[in-house]
Amino acid sequence: MPYEIQRTEKGLILNLRGGVTVRDAAELGKCLVSSLTSETTVLVRTPELDDIDTSILQLLISLRKTAATFVLEDPSEAFVNAVDRCALRRELMAGSKGAE
C-alpha cells in the first residue's frame, strides 16, 4: 500500500511511500475524512515517496485547509519536484520541516 494512516493522541500521521497516484485518491480521501476533524493535527511524511500524482497534491491542499495543524516532515526529492512542477510550494510547503 502506498500510504499508511496512523492515529495518535496528537492527531494523524500520513506516510506516503513509493508511488501514490489517482488510483489511490478516492480511498485515501475516504480514510482521511473518517478520521479528520477541524481540531486534528496532521503530520505528513514522504521520505520514501518516489512519485506523486497531481490529484494527491490537491487532496493534501484540501487536507491542509481542513486540519487544525498541517506539518510536512522530511519531503522527498520526488515530492518537492512534483510540488514545484505544479507551482504549489506556497500551498503545501510553507513552514514544512526539512523543506528548503
Side-chain angles (χ1 to χ4, degrees):
M1 175 138 328
Y3 63 87
E4 176 186 19
I5 301 171
Q6 299 172 339
R7 290 167 183 83
T8 69
E9 288 180 16
K10 296 180 181 180
L12 298 177
I13 299 172
L14 174 60
N15 293 298
L16 302 176
R17 67 177 72 76
V20 187
T21 67
V22 69
R23 289 177 295 197
D24 305 303
E27 186 174 329
L28 176 56
K30 277 196 261 182
C31 291
L32 288 169
V33 165
S34 68
S35 304
L36 194 62
T37 69
S38 60
E39 291 95 37
T40 303
T41 295
V42 178
L43 173 63
V44 179
R45 295 181 178 154
T46 66
E48 298 176 28
L49 186 72
D50 299 321
D51 186 32
I52 189 165
D53 195 87
T54 304
S55 63
I56 304 300
L57 294 177
Q58 291 169 329
L59 191 145
L60 292 176
I61 290 169
S62 179
L63 182 61
R64 183 176 197 137
K65 290 178 180 181
T66 304
T69 305
F70 179 94
V71 178
L72 178 63
E73 184 179 88
D74 198 19
S76 71
E77 184 177 340
F79 183 87
V80 173
N81 289 339
V83 166
D84 287 343
R85 186 174 54 249
C86 295
L88 296 172
R89 184 173 280 266
R90 187 182 76 223
E91 288 83 356
L92 279 172
M93 299 183 69
S96 300
K97 294 180 180 181
E100 311 298 298

Inset, instruction - Check side-chain contact (heavy atoms from CB on, under 4.5 Å) between Ala67 and all other residues, then give those that pass, not counting sequence neighbours. - result: Leu36, Val42
Inset, instruction - State, yes or no, whether a side-chain contact exists between Leu60 and Ile52 at a heavy-atom distance under 4.5 Å. - result: yes
Inset, instruction - Answer whether the closest heavy-atom distance between the side chains of Val44 and Arg64 falls below 4.5 Å. - result: no
Legend entry - same_hphob_cluster(Ile5, Ile61) at 4.5 Å side-chain heavy-atom cutoff: yes
Legend entry - CG-CZ distance between Leu16 and Phe79, expressed to the nearest 0.5 angstrom: 7.5 Å
Legend entry - Taking every non-hydrogen atom, the tightest pair across Pro2 and Val20: O-CG2, 3.5 Å
Inset, instruction - Over all heavy atoms of both residues, which pair between Met93 and Pro75 is shortest? Give the atoms and the distance, please. - result: CE-CG, 3.9 Å
Legend entry - Any residue meeting side-chain hydrogen bond (donor to acceptor under 3.5 Å, both in side chains) with Glu27, in chain and number order, not counting sequence neighbours: Tyr3
Inset, instruction - List for me each residue that meets side-chain hydrogen bond (donor to acceptor under 3.5 Å, both in side chains) alongside Arg7, sequence neighbours excluded, and say none if there are none. - result: Ser35
Legend entry - For Val22, all residues meeting side-chain contact (heavy atoms from CB on, under 4.5 Å), sequence neighbours excluded: Asp53, Ser55
Inset, instruction - Not counting sequence neighbours, list each pair that qualifies as a salt bridge (charged side-chain N to carboxylate O under 4.0 Å, His left out) and has a residue in residues 11-25. - result: Glu4-Arg17, Arg17-Glu48
Legend entry - Set of side-chain hydrogen bond (donor to acceptor under 3.5 Å, both in side chains) partners for Asp50, sequence neighbours left out: none
Legend entry - By side-chain hydrogen bond (donor to acceptor under 3.5 Å, both in side chains) - contacts of Thr66 (at least two apart): none
Inset, instruction - Test Leu63 against every option in Leu32, Leu12, Thr40 by the side chain to side chain contact (heavy atoms under 4.5 Å, CB included) rule and name the one that passes. - result: Leu32
Legend entry - Contact check, side chains of Leu14 and Leu28, non-hydrogen atoms, under 4.5 Å: yes
Legend entry - Residue list, side-chain contact (heavy atoms from CB on, under 4.5 Å) with Thr69, at least two apart or on another chain: Thr41, Val71
Legend entry - By salt bridge (Lys or Arg N to Asp or Glu O under 4.0 Å) - contacts of Asp51 (at least two apart): none
Inset, instruction - Measure across Ile56 and Thr21 and return the closest heavy-atom pair with its distance rounded to 0.1 Å. - result: CD1-O, 3.5 Å
Inset, instruction - Would you please name every residue forming a side-chain contact (heavy atoms from CB on, under 4.5 Å) with Ile13, sequence neighbours left out? - result: Gln6, Thr8, Asn15, Leu43, Arg45
Legend entry - Summary of side chain to side chain donor-acceptor pair (under 3.5 Å) pairs that have at least one residue in residues 76-86, sequence neighbours excluded: Asp84-Arg89
